[in-house]
Structures are given as C-alpha cells and as structure tokens.
Amino acid sequence: MRQDHLISAAHLSREDIEAVLDRAAEIDDDTAAFRQRHAGKVLGLCFFEPSTRTRMSFDTAMKRLGGQTVDMGPVESSSVKKGETLADTVRVVEGYADALVLRHPSEGAATMAAEFVDIPLVNAGDGAGQHPSQTLLDLYTIRENAGLDDLTIGIMGDLKYGRTVHSLAGALTNFDVSQHFISPESLRLPRNVRYDLHAAGAQVKEHTQLDDVLPELDVLYVTRIQRERFPDENEYRKVAGQYQIDAETLEAATDDLTVMHPLPRVDEISPDIDDTDHATYFEQAHNGIPVRMALLDILLSQADD
Amino acid sequence: MTDDHQLRVSKIQNGTVIDHVAAGQALNVLAILGIDATSGEAVSVGMNVPSDRLGRKDIVKVEGRELSQSEVDVLSLIAPAASINIVRDYDVVEKNRVVRPDIVTGIISCPNRNCITNADEPITSRFTVLSDGVRCDYCESIVREDEVAANLDVN
Ligand SMILES: [Zn+2]
C-alpha cells in the first residue's frame, strides 16, 4: 500500500485494495500460517464512542496475528473525560503501541490524529465520515460473491449520514461498477460524496424506489435508517417502512442477488431472508477478521521496513 | 492607470490598499482581515466605485497593516480580481494581484459543526481549493465559493 495509515477509502487505489483483498484471501485459506506473524507487536485501541463489534473484530484480528492489544477503555473512565485533547491522547498511546485503531465521533478525527503520530493509524469510523476497514471487508465480500467488475450494485437506506456508504461508493469507482443509490429524498448522498463520484467519472443514478432497479442488481447493500434523522415517529415509520425488504420483495430480484448489510440491523431486512441464498450479511461480518488481519499485516510490515 | 485612480489608492501613509474588490465584497474583506470596530486600525472603505475593469468595484484601505499570506489566500477566493498595494510613506511600493492558492489555512472555519477542526484541538483549519469552492482537509466538507464569506472565522 502506498499509504502509511488507513484514513479514508478515497485514498486507496485499485492496487491498494487488491493487495489487501488478496492478502485476506491468503489468510482465509491458511490462517495458521499467519499465527505468529506479528508476535510481540501491540495494537492500541482508542474508541471514543462505543462500538463493541468493530473493537472485538480488531482485537481478534491482532491476536490471530500473534500480537496483543491495549485498550484505552470507555471514554467515561479515561483522561478524555478530564478534557484531554485527541491530539494528546494519541501521542500518549503511540508510546504503548506499534499501531493504532481510532473510532471517534467527530468527522476528520483520524486525519488529524495521523498528523500527530508516526505509527500506522487505522480509522475505524469518524462521525459521519469514513469507515474504510468496513469498506475493505465489504469489497472482499462483493468480490467473493459477485466479482468487482461488470457489477451492478444498489446501495439503499441512509445515504446522507451512512459512513459505510460514503466509503464504499468512493472505493467502487476504482472498478467497473454501475452504482444505484436508493433512498428517501431527505437522505440522499451528501454534496462531497456526490462531488467525488462525479470527479471519478462515476454515474450517480438515484432512485426513491427499490422496485425501479431491483431486477437489474447483482448486489443490494442495505443500511439502516435511524429514527433520530426524522422530526417525529410517524414520519420515520412512514419513510423507513418503504426501505425494508423481505422474502416477498426479493421475488422481483435475480436468483443470484447478493444481499449485504453492515449490521447491526433492526428491521430493514426481515429474518425470512436469512435462510435464502441471497443473505450474505453474516458472511460479510465474518470477513471482518481476515480483512482486518490483512490490513494490519500490511501496515505493520510496511512500518518495519 | 489614471491619475484619479492613483490618487484614490495612495491616500494612506503606511499600510495596504486592496483594490479591484468585486462590488459588495468589501465588508467580507474586512472580515477576512479580522477588522471590526474594536480592532483599532484606521480603515476606509469605498463601495460601488466606478471601475474600468469591473464596472463597479469596492476598495479597502487599512492604515498600518500588511497582510499575511493566509489572508491574501482567502481574499483571492472572494475577490479574485483584487490587487494588493503596499503603501509606505504615501507611495505604492509594491503592487500584487492575488493568486488563487492550492490550499488555504485558517481564516475559513469549517461549516460542519461536527468537524474535528471545530473541536478544541491544537490544529488550524485547512482547505484544499477546488475550481468552484474549497474542501476541508479533515472532514471533506465542501464550501462553495459563494459560501466562503459566510464561513469566515471572525473572532
Ligand atoms: Zn471540516
């Protein structure tokens, strides 16, 4: 990878992405071969907002590479609570670790943190900004199930605030992918994401109804529409209800449709889809381990050189 | 340059004359310079002055003050035709056109309230200049050219 850190999927070239996905495939084939790869190395976990799942995933990935993790613990019990800046926190934790994983509620936090440390830093989510390790595991899952070229994907739900969507849409412009965006009018892609997609020469095809495109899709990527995006409960129920899918919805889809979701889901994908061949979201979640192992392996090995 | 023009821009003793500012932008120029009633500099502002080049223009003269590079950079975004005249002892000793920079630091604050640059961190805002606006290097928010003036970090 040309990057010392992983801050934004937008920084990744096709070669960078393929390097991580290829390494993840190697790990998937023979995890044991990587068991001692980073013995003696320590990964610092700095989570400024709760995200048990992502934290566990990085923790497991590092341990399966033979390394260890140190966790700053919940914000409530840390120095942050006493008013320490993020810039100070990461500089202190840098002394304890060989690489850092950062989750923070403010957009741009990882970009800033990377300016203060010399060890590799992975952005594990910055507000409504980026979540590039999620994107890599999404890409890995797409590649395994549908291939990354000559692909038609529909991305549905909260496209305005959904950081997984922003990262994924940008990364997909490296491949021969036709992207459809399906959302309520009020939750369409934000200006900067739209700008990047246009700059990358991608066509932005937007829809308010899934029916319009469902039969064409190879992959349907569903995200949650959150209650707090709406002024009242009624409005939320009315809108969100239109973006929930069940087995009946998918009768209009091709048999090969791959349905993905970054999880956790609430009610946007009905459990009656779980037993169909479409359901790929649990596989997607499991892919977090080999992909994060691959990412850490590459960043830590680069830092050694 | 007409004599009349020369006269108009050199009437301060020492300081800076910002000429050929697009009509209506003079107050934004003052905002970029951080000048208000409390800042103490002697300032004179001409608005809607007839101009050969712009039809109508604004002009700002600040006594006893030269501009920083950051100030000139942001100025170039809202007044791309501006010229900056440094005056010493009533003479224009230096005259420069503003040049559109690749990056601007400080002066503009990110409109995204949730951006890390708006938190209490030891960093200055930094924007990459696009063809029709600027983009926050931290949160990637885009500020269109016509929105820059509304996002000046006026203290
Ligand atoms: Zn910002």
Side-chain angles (χ1 to χ4, degrees), chain A residues 5 7-11 46 48-49 75 79-91 102-117 121 123 125-132 160-161 163 165-167 169-170 189-200 228, chain B residues 25 28 32 68-71 73-74 76-78 80 99-155:
Chain A
H5 308 287
I7 306 298
S8 166
H11 301 159
C46 298
F48 289 80
E49 60 181 17
V75 169
S79 314
V80 180
K81 187 78 181 176
K82 301 178 189 116
E84 185 174 62
T85 62
L86 173 61
D88 278 4
T89 305
V90 293
R91 279 180 286 186
L102 176 69
R103 159 72 65 105
H104 196 278
S106 296
E107 284 99 62
T111 303
M112 186 207 76
E115 292 177 358
F116 287 90
V117 298
L121 184 140
N123 182 6
D126 59 329
Q130 295 274 331
H131 192 4
K160 185 172 183 184
Y161 300 98
R163 59 186 162 203
V165 169
H166 305 163
S167 286
L189 290 171
R191 184 197 282 178
N192 62 322
V193 176
R194 200 178 288 276
Y195 179 93
D196 285 338
L197 292 177
H198 282 296
E228 60 264 33
Chain B
Q25 295 294 334
N28 291 327
I32 290 169
S68 71
Q69 190 58 48
S70 297
E71 290 168 336
D73 286 344
V74 178
S76 77
L77 300 177
I78 68 154
V99 179
R100 198 177 174 82
D102 297 327
I103 298 242
V104 292
T105 52
I107 305 194
I108 303 173
S109 61
C110 184
N112 173 9
R113 296 183 63 92
N114 200 41
C115 176
I116 194 73
T117 60
N118 291 321
D120 213 358
E121 295 289 339
I123 47 166
T124 309
S125 72
R126 191 176 69 231
F127 293 82
T128 296
V129 177
L130 310 173
S131 60
D132 51 358
V134 298
R135 173 177 227 172
C136 176
D137 279 0
Y138 292 91
C139 76
E140 304 185 7
S141 292
I142 292 175
V143 185
R144 283 198 317 260
E145 204 115 308
D146 59 1
E147 297 166 338
V148 167
N151 289 291
L152 296 172
D153 184 12
V154 191
N155 299 312

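Numbered from 1 within each chain, the chains take letters A, B, ... in sequence-line order. In this text, all values refer to a predicted model and were calculated from it rather than measured experimentally.
Residue contact with chain A, scored on non-hydrogen atoms closer than 4.5 Å, involves the side chain of B/N112 exclusively. Residue contact with chain B, scored on non-hydrogen atoms closer than 4.5 Å, involves the backbone of A/P105 exclusively. Only the side chain of B/R135 comes within contact range of chain A, with at least one heavy atom under 4.5 Å from a heavy atom of that chain. The contact between B/I123 and chain A is made entirely by side chain atoms (from C-beta outward), counting heavy-atom distances below 4.5 Å.
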Checking A/S106 against B/N114 for the side chain to side chain contact (heavy atoms under 4.5 Å, CB included) test, could you report, in this order, the C-alpha distance in whole Å, the side-chain angles of both residues, the deciding distance, and whether it holds?
CA-CA 5 Å; A/S106 296; B/N114 200 41; 4.2 Å; yes
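No other option in A/P190, A/A109, A/A110 has as many heavy-atom pairs under 4.5 Å with chain B as A/A109. The most heavy-atom pairs under 4.5 Å with chain B, out of A/G129, A/A87, A/A10, A/G108, come from A/G108.
In this structure, SG on B/C139 lies 13.5 Å from CE on A/M112, to the nearest 0.5 angstrom. Taken from SG in B/C110 to CD in A/E107, the straight-line distance is 8.5 Å, to the nearest 0.5 Å.
No donor-acceptor pair closer than 3.5 Å links the side chain of B/E121 to the backbone N or O of A/T85. With hydrogens and angles ignored, the 3.5 Å screen pairs no side-chain donor or acceptor of B/E140 with any backbone N or O of A/N192.
A side-chain donor from one of B/Y138 and A/E115 sits under 3.5 Å from a side-chain acceptor of the other.
For B/D146, the CG atom is densely surrounded, since the number of other residues' heavy atoms within 6.0 Å is greater than 12.
Using a 4.0 Å cut-off between charged nitrogen and carboxylate oxygen, A/R191 and B/E147 count as a salt-bridge pair.
Annotation: side chain of B/D137 is not in contact with side chain of A/T111 (no heavy-atom distance under 4.5 Å).
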